[in-house]
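Just so it is clear: chains get the letters A, B, ... in the order the sequence lines come, proteins before strands, and each one is counted from 1.
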Number of protein chains: 2
Amino acid sequence: MAGKLTKLVDIRRRELRQAAFEVLQREGMAGATLEKVAAHAGASKGIVLHYFRNKQELFEQAMREANANLRDAVAERLRQAKTPRGRIAAVVEGNFDPRFYQPEIAHAWLALCAEVPREPQLARIQAVIHARMHSNLMSALRELMPAEAARRTALLISGLIDGLWLRHGLQSGGVPREEALTLMYDFIDRRLPADQPGDGVHDQSAEP
Amino acid sequence: MAGKLTKLVDIRRRELRQAAFEVLQREGMAGATLEKVAAHAGASKGIVLHYFRNKQELFEQAMREANANLRDAVAERLRQAKTPRGRIAAVVEGNFDPRFYQPEIAHAWLALCAEVPREPQLARIQAVIHARMHSNLMSALRELMPAEAARRTALLISGLIDGLWLRHGLQSGGVPREEALTLMYDFIDRRLPADQPGDGVHDQSAEP
DNA sequence: TCAAAGATTGACCAATGGGACAATTCTTGA
DNA sequence: TCAAGAATTGTCCCATTGGTCAATCTTTGA
């Protein structure tokens, strides 16, 4: 590790973002009061507003961090992928990383997404998420099919991912990770040309 | 029309449910205050609590009504469908009925769904919605493919519908109705046996 | 060593919102 | 016609919450 030690500001900010996200899971946006966030982080309310201008900024940062987690989960896998198929698998597997694909986390995302129509800051993050996923998918699909077909396939894949996440957040109809991946590949394998189902490209097995 | 005239209670209840849903679109759950709902309906706050026990019940009823709208949109089309394919088309078209498939309405659904984890009443409605859609799809798909394939296809279709709705509620990545239907049938036609794409089964044209 | 900068707390404030209620107006049926 | 019941309003109350601030305690660098 090169450079200085982590500054206290960064430690506190991280702790509070994390606390905010966790309270959000249980309480929703309205119920996630500054006092509860502070308590959950083991601090006083004042400290929260010492490190964040206001409630909006706190939860904006919380969303940023959650997004970064998902982004990294995909990026790791993308780095090891060699074929276009592998890159698609990377996007899918990353979005269903068992560390993040959990009902409680989906609850928090749901709470955040519900604020998007009224919080331009959150809307921007959401836009980035969509754009990134679309771009990742397109870069792989363009090599496998004509432009228009690629675009549609990308929309279908990302729409499906969103739908499965949404359902995972609502109690009923939520499918566990294993089945979600089965469904995704059931769909994908039929759409990609020169089907080689079971070619070992998509690895549903253990995580590092 | 047989029977008595509509009772005032029912009129008021309906007006207030509708007002609640419309305020929800703009303001989200926390912002949808009883006073705003009352004002939007042209009444005073007191009247809202005269017809509904409390805020929870009001929005539970609002969700019930929105659900009934969607249910009817599907049911109408289902009544005219003759083939299994037609029944699937009915479910799809109903869920993208242009009267309801609108960003503002998706905003309200998003706000409602975000409360599901903490409101058992809302969770129950959500469960009914999922169960109904799954059942409708299965009844058609069972005739077209083996049980397990039918189950997966049903999950994929309903997941896709949810995903497209979700995206329609978030500003970015939302696809308009026409394209949503194109995507849905692009997906469905490839999965159903004995493909007859363009057999006129799915009607994307005008509403009655 | 010690003073300045930063961290942390708790008290305080103004605004807001859900809900209870008494008072008033309107309907209606005998 | 008129009294009982329903509809409607406005007021009041209390709890909660985001945010401010002055007062302490800690750290640190010169």
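Looking only at atom types and distance, the side chain of Gln61(B) has no donor-acceptor partner in the side chain of Glu57(B) under 3.5 Å away.
Distance, Glu57(A) CD to dG19(D) P: 11 Å, rounded to whole Å. Atom-to-atom, CD of Gln56(B) to P of dG17(C) comes out at 17 Å; the value is rounded to the nearest Å. When the P atom of dA7(C) is taken as reference, atom CZ of Phe52(A) falls 13 Å away, rounded to whole Å. Between the P atom of dT8(D) and the CD1 atom of Ile11(B) lies a distance of 10 Å, rounded to the nearest Å. In this entry the distance linking NZ of Lys55(B) with C1' of dT16(D) reads 13 Å, nearest Å.
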Determine, stepwise, if the pair Gln18(B) / Glu22(B) fulfils side chain to side chain donor-acceptor pair (under 3.5 Å). CA-CA 6 Å; Gln18(B) 182 61 31; Glu22(B) 284 171 16; 2.8 Å; yes
Using a 4.0 Å heavy-atom cut-off, write out nucleotides 23-30 of chain D from 5' to 3' as B (base contacted by protein), S (sugar-phosphate only) or - (no contact). --------
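Evaluation of the salt bridge (charged side-chain N to carboxylate O under 4.0 Å, His left out) rule for Arg151(B) yields Glu179(A), Glu148(B) as partners, not counting sequence neighbours. Scanning for salt bridge (charged side-chain N to carboxylate O under 4.0 Å, His left out) contacts around Arg87(A) gives Glu143(A), with sequence neighbours left out.
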Tabulated below should be each protein N or O lying under 3.5 Å from an N or O of nucleotides 20-29 of chain C; please produce it.
none

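The distance from the CG atom of Leu110(A) to the CD atom of Gln25(A) is 12.0 Å, given to the nearest 0.5 Å. Note that the CZ atom of Phe21(A) and the NE2 atom of His40(A) stand 12.0 Å from one another [nearest 0.5 Å]. Annotation: the span from Ile161(A) atom CD1 to Leu183(A) atom CG amounts to 12.0 Å, rounded to 0.5 Å.
In terms of phosphate contacts, His50(A) brings a side-chain nitrogen or oxygen within less than 4.0 Å of OP1 or OP2 of dA7(C). For Arg12(A) and dT8(C), the shortest distance from a side-chain N or O to OP1 or OP2 is below 4.0 Å.
DNA chain D lies under 4.0 Å from at least one heavy atom of each of the following residues of residues 21-43 of chain B: Ala43(B).
Between Tyr101(B) and His168(B), the angle of the ring planes stays under 30°, which puts this pair in the parallel group of the 30/60° scheme.
Judged as a side-chain hydrogen bond (donor to acceptor under 3.5 Å, both in side chains), the pairs with a partner in residues 63-72 of chain A (not counting sequence neighbours) are, in order, Arg17(A)-Glu65(A), Glu60(A)-Arg64(A), Asn67(A)-Arg132(A).
Side-chain contact between Leu155(B) and His134(B): present, with at least one pair of heavy atoms (C-beta onward) separated by less than 4.5 Å.
Counting any heavy atom pair closer than 4.0 Å across all strands shown, Tyr51(A) reaches sugar-phosphate atoms only and no base atom.
With respect to Arg190(B) and Asp186(B), a salt bridge is recorded, a charged nitrogen being found less than 4.0 Å from a carboxylate O.
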